[in-house]
Q: 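Quick one: structure below, then a few questions.
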Amino acid sequence: MKKGESMAKVYEPCNAEKQIYENWERKGYFKGEIDHSKKPFTIVIPPPNITGQLHMGHALDETLQDIIIRFKRMQGYSALWLPGTDHASIATEAKIVDALAKEGLTKESIGREEFLKRAWAWKKQYGNRIVTQLRSLGSSCDWSRERFTMDEGLSRAVREVFVRLYEKELIYKGERITNWCPCCNTSISDIEIEYSEDDGFFWHISYPFADGSGALTIATTRPETLLGDVAVAVNPEDEKYRNIIGKMLILPLVNKEIPVIADGYVDPTFGTGAVKITPAHDPNDYEVGKRHDLPVVRIMDDRGYINENGGKYAGMERSEARKQIVEDLKALGLLVKIEPHKHNVGHCQRCHTVLEPFVSNQWYVRMKPLAGPAIDAVRSGKIKFVPERFAKIYYNWMENIQDWCISRQLWWGHRIPAFYCASCGHITVSRTDPEKCECCGSTELTQDPDTLDTWFSSALWPFSTLGWPDETEDLKYFYPTDVLVTGYDIIFFWVARMIFSACEQMGEVPFRTVLFHGLVRDSQGRKMSKSLGNGIDPLDVIDKFGTDALRFSLVTGNSPGNDQRYLEEKVEAARNFANKIWNATRFVLINFDEDPDFGKIDPARFTTEDRWILSASNRLVSEVTENLEKFELGVALSKVYDFVWDVYCDWYIEIVKPRLFDAGNESRLEAQYVLNEVLVKCMKLLHPFMPFVTEAIYQKLYADAESIMISKWPECDAGCSYPGEEAAIDYMIEAVKRIRNIRHEMNVPSSKKAHITAVCSDPSKATILSSCETMLKNLAYCAGLTVQNDRTGIASDAASVQLEGAVLYMPLEELIDVEKEIQRLTAEKENLEKEIARVSAKLANEGFVSKAPANVVEGERAKLEKYRSIYESTVQRLRDMNER
RNA sequence: GGAAGUAUAGCUCAGCUGGUUAGAGCAUUCGCUUGACGUGCGAAAGGUCCAGAGUUCGAAUCUCUUUACUUCCACCA
């Protein structure tokens with residue numbers, strides 16, 4: 001039995017993929033080896049959260065990375081794709097807290113140690129799920145180097161960086177207004193805030209003067225913060241308030257005297273032009289308070305309840321307190337009016353709770369000194385953003401950067417290595433846990449209870465995963481990494497922070513290129529989300545269509561940085577393509593001799609179509625390679641797709657069939673050779689995109705093959721260029737297409753074959769045509785072909801095909817509707833007239849001829865000549881038919 | 001308030017540094033058991049490349065303006 005005959009008619013991805021993947025992994029192909037005879041090529045994975053489940057975003061991200069790393073591996077680089085996961089402090093902690101709640105426990109009740117024990121157990125049990133899922137995408141990660149942000153080594157890196165920054169005074173602890181999530185019960189950094197325009201109210205409240213001389217009306221969106229007011233500010237330039245500056249007001253409900261102060265911060269045109277000042281609960285008020293040396297009165301606890309400073313409101317939840325305070329003000333007649341007011345409210349990115357900004361004592365990274373080198377790294381081109389426009393967003397953020405709040409009131413994460421001395425108050429920050437205070441020597445030390453922002457550790461990922469702070473061989477060989485592939489949504493969270501961290505710690509960029517991709521949205525263009533329930537599980541798609549199909553659909557027709565929609569039809573089309581190449585292979589193998597000896601092929605026996613496709617495939621190699629180098633993955637893929645389907649399957653295979661079916665054909669072996677050669681080349685070009693089918697096919701083609709993934713990437717052969725053969729086949733294809741067209745238009749049944757007479761004035765075209773009788777017979781329902789140089793013997797009602805330098809006549813007798821044919825020819829004639837007019841006008845244009853590049857002008861001339869040739873024969877034919 | 005992106009066939013989208021009779025997939029219409037594939041083959045229909053101006057010999061492509069949608073940043077109580 002021939003090899004191809006054992007192949008199923010339909011490619012079944014599910015059977016093949018798992019086995020193929022296991023084989024790759026077992027053979028160790030994914031391993032990145034230090035090999036000084038090769039150049040390294042490194043990608044570190046954007047570590048997914050251990051709480052995460054595979055979604056389309058991962059699928060896209062992984063696919064892009066895998067394409068690049070497989071391409072580079074085949075090109076001969078020592079490729080390393082380093083995988084791992086992120087501990088995701090808030091998200092994971094929330095999971096554990098939820099689990100505890102189900103048992104009626106709280107984290108405080110079980111204590112820190114027990115809590116962490118449970119968290120690690122959870123991580124062990126579920127943290128690997130995402131990793132398993134990544135494998136089903138075909139990711140060729142070096143799993144032997146898998147890292148976790150809380151691994152011992154990575155934790156050491158975190159501590160090292162913290163200490164270094166502290167020693168350089170780039171980390172400090174300070175009391176500032178920080179955004180706080182009362183639900184997650186922790187501080188968060190500025191970029192973790194999500195603003196949304198919410199409907200709210202503007203409450204106008206009357207503050208009576210202490211001397212009884214009337215009252216001043218202020219407007220606020222947060223009346224409950226009134227409890228913490230320490231002043232009311234007006235603009236010093238504001239005429240209407242000039243004479244009340246310095247007077248005292250009675251703070252309603254609290255019955256405390258507060259002053260009217262003057263500060264330029266107040267906009268006299270907004271609200272009433274008078275602003276209540278609550279330094280503990282508003283960043284601007286805090287600044288005003290500092291300028292005027294006002295007290296800071298915090299009136300809310302961490303959970304969002306009014307504290308003891310709130311008098312009778314103490315213990316009330318913030319929204320409840322707001323309601324009550326408004327009620328009470330109304331009762332006192334101090335509520336002047338309530339206006340509906342839309343304003344931007346900050347929400348917690350994770351739980352969407354309304355955030356509460358208030359003063360607290362937190363750890364910060366001083367960003368200004370770190371931002372400079374990080375900006376330079378991109379501006380100088382050491383790091384390239386693809387697409388470039390993201391650099392602007394990056395600069396804009398970096399140039400206006402605020403200090404980064406890195407402490408979190410959580411337990412799951414890297415604990416801040418700061419130790420407070422009970423006797424002298426000194427803070428000891430060190431690489432190892434200190435036994436005594438470095439200042440006074442006291443042993444009464446307590447460690448800061450807080451942990452670090454998750455992103456603090458991910459910021460070190462490109463080097464911490466390679467062994468830093470040790471000077472490992474891996475670090476020396478694989479660092480800096482080459483490409484970072486990620487979504488534009490984490491440019492600030494992660495990309496920017498990796499850049500400044502690497503510049504500071506390594507004195508070297510973390511990666512040379514950042515390839516940004518967009519979001520995968522649903523078919524209606526909405527973001528996929530849990531709450532909408534519109535998410536598509538990549539694993540379901542893989543089950544239904546195969547990994548290759550999913551990967552193909554995510555890459556094709558997509559350009560860097562742009563969002564895309566998930567459409568099942570696209571995956572289906574990709575699945576069909578996998579089936580197509582599978583069947584092309586089946587065809588090739590069925591038509592091979594038992595064991596073709598390609599050592600015996602004679603290039604002299606290559607036919608025109610052989611040279612045509614060898615030449616075209618050679619060009620394909622260079623184009624696809626170039627596109628991949630430029631990260632134009634979608635373009636590269638569609639080029640291979642078009643070539644395989646339209647050129648190789650639809651034309652080459654069809655043209656070459658007679659040679660294969662004729663056992664005695666003298667160039668049969670050459671046909672088999674070219675079929676095989678071009679197919680393998682295409683499979684290699686396709687392998688990074690569709691690793692599984694291409695491997696399955698490769699194994700079919702070569703029984704003793706190792707693996708396509710470690711095969712050599714095709715190279716462009718400069719000697720393999722046959723423009724003459726390419727032009728000849730293109731001409732023949734044109735002829736076939738036009739014959740098919742006319743036959744279909746005339747409703748000629750395929751059983752009705754026609755003998756074609758080619759009238760050819762151009763000897764070179766005559767040569768081409770004389771050689772293509774078989775092709776016309778097989779592809780254009782032709783019974784036979786005669787080539788002659790005049791029109792003798794041509795039936796006046798024959799259908800005709802006008803080509804450059806030739807006319808093909810097909811006597812189809814009664815099947816031809818002469819009127820219709822005249823109509824068709826007339827339409828064609830008119831179209832040609834338009835084209836000729838267009839091109840002639842162009843060539844008559846002095847400016848065009850003198851200024852356009854020579855090859856463009858030449859191209860237009862050739863075009864004109866071609867159109868004229870076809871036009872003449874069209875006119876001639878019309879005349880014949882009309883004179884009939 | 002700043003900034004960015006998008007606008008091309010009924011739908012989803014390609015079209016790089018200006019030169020194509022403006023492309024693909026899906027959908028539509030018509031025809032096909034042609035010895036790999038109906039997850040296929042063949043043929044067709046379908047577009048003022050959002051609108052307007054400019055640069056140029058030449059613009060879907062570059063510049064400006066307008067409109068619509070999307071996103072990011074900042075944020076006035």
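In the text below, chain A, chain B and the rest are named by the order of the sequence lines, each starting its count at 1.
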Q: Sequence neighbours excluded, which residues qualify as salt bridge (charged side-chain N to carboxylate O under 4.0 Å, His left out) partners of Arg824(A)?
A: Glu821(A), Glu828(A)

Q: What residues from residues 387-395 of chain A pass a heavy-atom cutoff of under 4.0 Å to RNA chain B?
A: Arg389(A), Lys392(A)

Q: Using a 4.0 Å cut-off to any heavy atom of chain A, which nucleotides of RNA chain B are the first and last in contact, reading 5' to 3'?
A: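 On RNA chain B, the outermost contacted nucleotides are A4(B) to A77(B).
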
Q: Is the terminal nitrogen or CZ of Lys842(A) (NZ for Lys, CZ for Arg) located under 6.0 angstrom from the six-membered ring centre of Phe848(A) and within 45° of that ring's axis?
A: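 Lys842(A) over Phe848(A) ring: yes.
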
Q: Under 4.0 Å, heavy atoms only, any strand: does Ser559(A) hit a base, just the sugar-phosphate, or nothing?
A: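 Counting heavy atoms under 4.0 Å across all strands, the contact made by Ser559(A) is with sugar-phosphate only.
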
Q: Give one of base, sugar-phosphate or nothing for Tyr11(A), where a contact means two heavy atoms less than 4.0 Å apart.
A: nothing

Q: Regarding Lys851(A), tell me which of base, sugar-phosphate or nothing describes its non-hydrogen contacts under 4.0 Å with the strands shown.
A: base

Q: Which residue, Leu567(A) or Asp190(A), contacts RNA chain B at a nucleotide closer to its 5' end, judged by nearest heavy atom?
A: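 In this pair, the answer is Leu567(A).
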
Q: So, Tyr394(A) versus Phe385(A), ring centres under 6.0 angstrom or not?
A: yes

Q: What distance, rounded to whole Å, do you find between the two P atoms, one in A4(B) and one in C13(B)?
A: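 Their P atoms lie roughly 23 Å apart.
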
Q: Roughly how many Å apart are C50(B) and G5(B), using the P atom of each and rounding to a whole number?
A: 16 Å

Q: Apply salt bridge (charged side-chain N to carboxylate O under 4.0 Å, His left out) to Lys580(A) and list each qualifying residue two or more places apart in sequence or on a separate chain.
A: none

Q: What salt bridge (charged side-chain N to carboxylate O under 4.0 Å, His left out) pairs are there with at least one residue in residues 844-858 of chain A, not counting sequence neighbours?
A: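 Residue pairs with at least one partner in residues 844-858 of chain A: Glu858(A)-Arg861(A).
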
Q: On a whole-Å scale, what distance lies between the C1' atoms belonging to G2(B) and A27(B)?
A: 43 Å

Q: So which one's nearest nucleotide on RNA chain B is more toward 5', Lys737(A) or Asn576(A)?
A: Asn576(A)

Q: For Arg743(A), what residues pass the salt bridge (charged side-chain N to carboxylate O under 4.0 Å, His left out) criterion, not counting sequence neighbours?
A: none

Q: Could you tell me how the ring of Phe202(A) sits relative to the ring of His204(A): parallel (under 30°), tilted (30 to 60°) or perpendicular (over 60°)?
A: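 Aromatic pair Phe202(A)/His204(A) classed perpendicular.
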
Q: So, applying side-chain contact (heavy atoms from CB on, under 4.5 Å) with Ile261(A), which one of Val288(A), Val232(A), Val234(A) is it?
A: Val288(A)

Q: Would you mind classifying the nucleic acid contact of Leu589(A) as base, sugar-phosphate or nothing, using non-hydrogen atoms under 4.0 angstrom?
A: nothing

Q: Stem ranges for RNA chain B, with three or more consecutive Watson-Crick or G-U pairs under 3.5 Å?
A: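 B:1-7 with B:67-73, B:10-13 with B:23-26, B:28-32 with B:40-44, B:51-54 with B:62-65 - these are the stems of 3 or more pairs that involve RNA chain B.
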
Q: Would you please classify the geometry between the Trp645(A) ring and the Phe577(A) ring as parallel, tilted or perpendicular, with 30° and 60° separating the classes?
A: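 Because their plane-to-plane angle is under 30°, the rings of Phe577(A) and Trp645(A) count as parallel.
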
Q: Kindly confirm or rule out a cation-pi arrangement of Arg497(A) over Trp404(A), judged by NZ or CZ under 6.0 Å from the six-membered ring centre and within 45° of its axis?
A: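 The answer is yes, since Arg497(A) meets both limits relative to Trp404(A).
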
Q: Quick one: list whatever passes side chain to side chain donor-acceptor pair (under 3.5 Å) with Arg586(A), sequence neighbours left out.
A: Asn583(A)

Q: Quick one: side chain to side chain donor-acceptor pair (under 3.5 Å) partners of Ser622(A), sequence neighbours excluded?
A: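 In terms of side chain to side chain donor-acceptor pair (under 3.5 Å), with neighbours along the sequence ignored, Ser622(A) is linked to no residue.
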
Q: Please determine whether the number of non-hydrogen atoms from other residues, nucleotides or ligands lying under 6.0 Å from atom NZ of Lys544(A) exceeds 12.
A: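 12 or below, so no.
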
Q: Applying a 4.0 Å non-hydrogen cut-off, can you work out what Trp203(A) is touching in the nucleic acid: base, sugar-phosphate, or nothing?
A: nothing

Q: Check RNA chain B against residues 265-278 of chain A and give the residues with a non-hydrogen atom under 4.0 Å, in numerical order.
A: Tyr265(A), Val266(A), Asp267(A), Phe270(A), Gly273(A), Val275(A)

Q: Under 4.0 Å, heavy atoms only, any strand: does Pro853(A) hit a base, just the sugar-phosphate, or nothing?
A: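 If one applies the 4.0 Å heavy-atom cut-off, Pro853(A) turns out to touch a base.
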
Q: Base, sugar-phosphate, or nothing: which does Ala573(A) touch, judged by heavy atoms less than 4.0 Å apart?
A: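 Since only primed, P, OP1 and OP2 atoms lie under 4.0 Å of Ala573(A), the category is sugar-phosphate.
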
Q: Could you check which residues of residues 828-836 of chain A get a heavy atom under 4.0 Å from RNA chain B? Sort them by number, please.
A: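 Heavy-atom cutoff 4.0 Å gives Asn831(A), Glu835(A).
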
Q: Under 4.0 angstrom, heavy atoms only, what part of the nucleic acid is Tyr867(A) near: base, sugar-phosphate, or nothing?
A: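 Base: the residue Tyr867(A), judged by heavy atoms under 4.0 Å, touches a nucleobase.
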
Q: Considering residues at least two apart in sequence or located in another chain, which fulfil the salt bridge (charged side-chain N to carboxylate O under 4.0 Å, His left out) criterion with Lys392(A)?
A: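 Scan of Lys392(A) (salt bridge (charged side-chain N to carboxylate O under 4.0 Å, His left out), adjacent residues dropped) gives none.
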
Q: Under 3.5 Å, is there a donor-acceptor pair between the side chain of Ser553(A) and the main chain of Leu550(A)?
A: yes

Q: So, Phe516(A) versus Phe390(A), ring centres under 6.0 angstrom or not?
A: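 Under 6.0 Å, so yes.
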
